[in-house]
Each structure stands twice: as C-alpha cells, then as structure tokens.
Amino acid sequence: MTEVQLRHLHKSYDGQRPAVSDLSLRMPCGRITALLGPSGCGKTTVLKMIAGLLPPDQGDISFNGRSILSIPAEKRGAAMVFQNHLLFPTMNVFDNVAFGLKMRGEPKAVIRQRVEEMLALVKLPGYGRRQPHQLSGGQKQRVALARALIIKPKVLLLDEPLSNLDAHLRLEMRDLILGLQRQMEITTIVVTHDQEEAVILADHIALIFEGVLQQVGEPGDFYERPSSLPIARFFGGVNFIPGVKNGLRVQTNLGAFHICDTEGMPDGPAILTIRPENVEVHHGPHDENCVPGRIVSHIYAGTHTRFKIATADPALPPLEVITDAASQRLYEDGAAVQVQLPPAKIWLLPETEAHV
Ligand SMILES: Nc1ncnc2c1ncn2[C@@H]1O[C@H](COP(=O)(O)OP(=O)(O)OP(=O)(O)O)[C@@H](O)[C@H]1O
Ligand SMILES: [Mg+2]
C-alpha cells in the first residue's frame, strides 16, 4: 500500500497569484482523503501535480517516503479520473477500459479478460461495444473508474466523482467507489467542492481555501470542532454569538453561557457557535444556558423543522434551530420560547476581523 505525502507544495500558473501555496499533507495508506474547497481553490491543480501532469514550482511529492517528482506520469502508479473529459470519445467502452493495458503491451487475451472483469466490477457487463455518447452520465463515470482501476494503480485520483449525478446515482456511485476502494485497498484522493460528498466518501478531509490548507481531520471534526469562522460557515454553521471567554464561561449580549471544554482557547474575545440541530427549544425556563426568544419563522422539511428565533439582542441575526418535524405544531410563529444552548454542544471560535 502507498502513503502519499505532499511537502510545501507551491504552484502558480501566472508566476504571481499562487493556485497552491505551501501545502503540506500526508494521505495515509489505503484510505480515502478528500481535498475539499470552493471552486477555484486549487484542488484539481494538486491532483494534477500528484498525477505527474503538472510540475510543482516548489516542494515535493513522495510515495512511501520516496520523491516521485522525477518519475514520469505513466510510471508513477497513479491513475486519475478527470473532472470533465471522462472518456476518449472516439473509442468504444472496451477500448477505453483497455487503454492502460494496451499501452503496456499486455497480450490480447489478458486484456480481454481484465476488461470483462473490470466492466463486471463497475456493474456494466456487456457494455464493451457501446460508444461513450450512448451512455448515461453515471455509466460514463463508471467506465472512467474501470479505465483507471484496470492498471491496478497504487494511488487513485478522482476529480469530482459524484458531480453531474442525481441524488440516487450519487449514492450508487459512492457505494461502488467505497466498495472497490476497500476491496482493492488503494490509497484514494477525492477532489470535491461539496462538503456532503467529502463527508460521505472520505476517511479524512483536507479543507483548502484559496490554495492554502485550512484544517485536516475526520469528517465529524469539521462539524463539531471547526478551527475558524469561515470553516464553520462552509460546513453549514449559522449561529455565531460574539462574546468574551473567561474560564468555562462566555459573557455575551444575551447573558453568560457555561461551556464544557475550551481545548486550549485562551480567555478573551471569542465567537460562541452551536449547530442548529444542537439548540433546544422549550416553552418555559429550563436548566442552564437558557435565553428568551421569539419564533420568527419556520420551514417544515419533512424530516425536520427549521426555526428562526429572534433573541433579546436586535443586532444578532435570529438563531437557527433544527428540531424534529413534529415540532412545527408545538411552536407557532410569534410564540415566546426559551432557547437552550447545552454546554457540551457549544464550540468557541477565535474572534476575527470578519463581520459576524
Ligand atoms: N491552466 C491554467 N492556467 C491558468 N490558470 C489556471 C489554470 N488552471 C487553473 N488555473 C487557476 O488556478 C486556480 C485553481 O484552479 P483549479 O482548477 O485547481 O481549481 P479547483 O479547486 O479544482 O476548482 P473547481 O472546483 O472549480 O474545479 C484557479 O484560480 C484557476 O483559474
Ligand atoms: Mg477542479
């Protein structure tokens, strides 16, 4: 199995603005790492450098501790499935999948057998004679995956593998990728701008903004322990209350809140945050960390209800709260409620210049 390591990687296309800046990251053997970030943040650029399609300006890339920068793309043992140009349009499915083995000069009988195996693996047996234009988007994605896997790569590079697929096909493709990856134990790097895609596919996520690595962790870390306000926002965080931390208390315009753990956060200005699904709503006063509020609006979404609740601080945007679906009947718009922020669910972010 292969561990991929990036060290101080730097790339600029125009010699000025960097597309990738001082990026260092270790991608463990046989696991799936997602490179996540908004459009244009440099994800494809990183993938192309690993594949050998683009030389870095500075830094190093190693497989199992050995630099691969001097090794040409076709000898690196990395296979890339591209964001857009998935297949060779003039070749049928068989020839597309067979391509890597033909380049290696494998005997015809071996190629035939391996292509059939791969097409069965991606659940497209008997599709060899079809032309790419005769396939659906999901089928093209699967042929592209078969074409990458047939060379038994050490490292699989997938650029936005679930984009352009509808919700049902996304789940099917996800299960296929996870199944094949686990079975073949290939170190896999998935690039995506979609946090949900990263969370459902990856063992680890590396979040990149504007070419700069922001946070690396397991999917849950980004929801529960984001390290900055922009990261919390990227993962759907909406409740941000400025305050001042003093030990295990945070003083805000809404009053003081108890917190459980500070994880090294120093005393002083901080932003208190809590995910909408962790805020509790009550009719009357409840234990600690309760503040009065008034229901501004609600959206019933079938599986849950999302409320906006105004607080005593008119300068603070309404808190957003997600409850079970049935709660819509319990709280009318305009109702006075108590909003509870359980201490164990509160997380503190460093105060920034950014507008809260
Ligand atoms: N060949 C190129 N020449 C010049 N600039 C480029 C080139 N390719 C990419 N860029 C620029 O480098 C930056 C990073 O591009 P990259 O394709 O790596 O982004 P990305 O994170 O993959 O985005 P997306 O999610 O939209 O695919 C962008 O600002 C882009 O405009
Ligand atoms: Mg891209």
Side-chain angles (χ1 to χ4, degrees), residues 4-27 32-61 68-69 72-73 76 78-88 137-138 140-145 147-148 153 155-167 169-170 173-174 177 187-202 204-217 219 222 226-228 230-231 233-236:
V4 178
Q5 190 149 13
L6 314 178
R7 283 194 195 86
H8 304 291
L9 219 51
H10 190 93
K11 181 74 195 173
S12 167
Y13 289 98
D14 57 11
Q16 295 168 15
R17 217 167 25 103
V20 174
S21 225
D22 196 25
L23 184 77
S24 294
L25 184 62
R26 195 178 66 83
M27 289 166 270
I32 303 184
T33 302
L35 301 181
L36 172 67
S39 182
C41 77
K43 306 178 296 290
T44 299
T45 303
V46 175
L47 224 52
K48 283 183 176 168
M49 290 193 280
I50 299 171
L53 305 173
L54 198 64
D57 297 337
Q58 285 168 37
D60 195 17
I61 303 171
I68 53 153
L69 288 187
R76 287 190 181 184
M80 179 158 168
V81 176
F82 289 89
Q83 192 166 4
N84 299 314
H85 309 287
L86 290 173
L87 302 176
F88 300 122
K140 276 186 208 155
Q141 297 261 22
R142 282 184 277 157
V143 174
L145 196 58
R147 191 178 64 178
V155 179
L156 179 64
L157 307 169
L158 303 175
D159 200 346
E160 309 270 359
L162 307 186
S163 60
N164 310 319
L165 300 181
D166 64 35
L169 276 179
R170 277 169 77 100
M173 187 68 183
R174 166 202 175 249
I177 291 172
T187 305
T188 301
I189 303 167
V190 176
V191 152
T192 176
H193 63 272
D194 177 348
Q195 33 117 342
E196 194 185 310
E197 189 168 317
V199 168
I200 63 173
L201 267 175
H204 295 98
I205 296 175
L207 182 65
I208 301 171
F209 288 163
E210 296 180 351
V212 178
L213 185 65
Q214 306 287 317
Q215 183 172 346
V216 183
F222 292 84
S227 60
S228 72
I231 295 173
R233 281 196 205 282
F234 192 78
F235 276 80

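Atoms within a ligand are numbered from 1 in the order they appear, just like the ligands themselves.
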Excluding waters, which protein N, O or S atoms are within less than 2.8 Å of the Mg ion (ligand 2)? Thr44 OG1, Gln83 OE1

Heavy-atom nearest pair, Ala148 first then Val81, reads CB-CG2, 3.6 Å

When you look at CD of Gln5, are more than 12 heavy atoms from neighbouring residues, nucleotides or ligands closer to it than 6.0 Å? yes

Check ligand 1 for close polar pairs with the protein: N or O on both sides, less than 3.5 Å.
residue, atom, partner, partner atom, Å
ligand 1, 18 (O), Thr44, N, 3.4
ligand 1, 18 (O), Thr45, N, 2.9
ligand 1, 18 (O), Thr45, OG1, 2.5
ligand 1, 19 (O), Gly42, N, 3.4
ligand 1, 21 (O), Cys41, N, 3.2
ligand 1, 21 (O), Gly42, N, 3.0
ligand 1, 21 (O), Lys43, N, 2.9
ligand 1, 21 (O), Lys43, NZ, 2.9
ligand 1, 22 (O), Thr44, N, 2.9
ligand 1, 22 (O), Thr44, OG1, 2.7
ligand 1, 23 (O), Gly40, N, 2.7
ligand 1, 25 (O), Lys43, NZ, 2.8
ligand 1, 26 (O), Ser39, OG, 2.5
ligand 1, 27 (O), Gln83, OE1, 3.3
ligand 1, 27 (O), Gln83, NE2, 2.8

Aromatic plane relationship, Phe209 with Phe234 - under 30° parallel, 30 to 60° tilted, over 60° perpendicular: perpendicular

Among Leu25, Ile32, Ile50, Leu156, which one satisfies side-chain contact (heavy atoms from CB on, under 4.5 Å) with Ile189? Ile50

Output every pair passing salt bridge (Lys or Arg N to Asp or Glu O under 4.0 Å) with a member in residues 11-26, not counting sequence neighbours, ordered by first then second residue. Glu3-Arg26, Lys11-Asp57

Considering all heavy atoms of both residues, which atom of Arg174 and which atom of Leu162 are nearest to each other, and what is their separation? N-CD2, 4.0 Å

What do the steps show when you test Val20 against Met49 for side chain to side chain contact (heavy atoms under 4.5 Å, CB included), and what is the final call? CA-CA 10 Å; Val20 174; Met49 290 193 280; 4.1 Å; yes

Of all residues at least two apart in sequence or in a different chain, which pass the salt bridge (charged side-chain N to carboxylate O under 4.0 Å, His left out) check with Arg170? Asp194, Glu197

Minimum heavy-atom separation for Met80 and Ala51, please, with both atom names. SD-CB, 3.9 Å

